[in-house]
Amino acid sequence: MLSKTIESALNDQVKMEAESSQAYLAMASWAENQAGLDGVTAFFYRHSEEEREHMLKLIHFINERGGTAEIPALAQPRKSFANVQEAFKTLYEHELKVSDSINQLVDLALAEKDYATHNFLQWYVTEQMEEEKLARDLNDKLELIGQDKSGLYLFDRDLMGLKPHG
Ligand code: OFO
């Protein structure tokens with residue numbers, strides 16, 4: 001059985017994953033309206049789907065452990081970006097915030113001696129490590145590419161089949 005403290009913290013995380021999904025959906029839709037960004041578009045759509053799965057996993061866990069999952073209202077995500085670099089920088093910064101939030105949840109689970117939740121959260125810890133690394137790598141590549149259009153073409157092509165968690 002979940003304590004009220006853990007239940008509420010997990011529900012905050014549900015909201016964060018939902019916001020991630022919406023934020024990346026908005027990026028996908030923005031990219032879809034830019035010329036020649038098919039790979040970037042596909043990547044953001046897939047990433048949005050993955051975040052929705054992260055949210056669902058939390059919802060099921062909360063409900064299965066005797067809590068009540070809350071389906072949250074969401075704020076309007078950012079709709080447009082100056083360029084691909086800015087979109088990926090935003091994604092990376094967002095992932096850092098999510099990692100921070102997961103780490104705080106892990107701390108809380110330990111403090112509350114909720115080992116089942118602690119164990120459940122390990123999947124998210126690993127996932128965040130992978131997502132952060134990928135986002136960092138993509139930002140590094142974009143920095144190298146700069147304004148070079150042929151570099152951006154290849155970057156976009158590489159993203160076509162890439163899974164968001166690497
Ligand atoms: Fe849910 O993994 Fe990114 O945010």
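We're numbering straight along the sequence, starting at 1. Order of listing sets the numbers, starting from 1, for every ligand and every atom in it.
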Q) Taking only heavy atoms of V98, which atoms of ligand 1 are found under 4.0 Å from at least one of them? A) 4 (O)

Q: Report the relative orientation of the aromatic rings in H47 and Y24; use parallel for angles under 30°, tilted for 30 to 60°, perpendicular for over 60°.
A: tilted

Q: Report the relative orientation of the aromatic rings in F61 and F120; use parallel for angles under 30°, tilted for 30 to 60°, perpendicular for over 60°.
A: parallel

(Q) Quick check against the 3.5 Å criterion: does N11 have a side-chain atom that pairs as donor or acceptor with the backbone of T68? (A) yes

Q. For E86, does the CD atom have more than 12 heavy-atom neighbours from other residues, nucleotides or ligands under 6.0 Å away?
A. yes

Q. Of the backbone atoms (N, CA, C, O) and the side-chain heavy atoms from C-beta on, which set of E95 has a member under 4.0 Å from an atom of ligand 1: side chain, backbone, both, or neither?
A. side chain

Q. Hey, which atoms in ligand 1 end up nearer than 4.0 Å to a heavy atom of H54?
A. 1 (Fe), 2 (O)

(Q) Show, in sequence, the C-alpha distance, side-chain angles and deciding distance for K141 and D137, and conclude whether the salt bridge (Lys or Arg N to Asp or Glu O under 4.0 Å) test is met. (A) CA-CA 6 Å; K141 281 186 190 169; D137 287 351; over 6 Å; no

Q: Using distance alone, decide if ligand 1 has a nitrogen or oxygen within less than 3.5 Å of any nitrogen or oxygen in E131.
A: yes

Q) Judging by distance only, is a nitrogen or oxygen of Q128 under 3.5 angstrom from one on ligand 1? A) yes

Q: Give the name of the N/O/S atom in E17 that lies closest to atom 1 (Fe) of ligand 1.
A: OE1

Q) Would one find an N, O or S atom of E51, in either backbone or side chain, under 2.8 Å from atom 1 (Fe) of ligand 1? A) yes

Q.
Testing the 3.5 Å rule here: is there a donor-acceptor pair between the side chains of H54 and E51?
A. yes

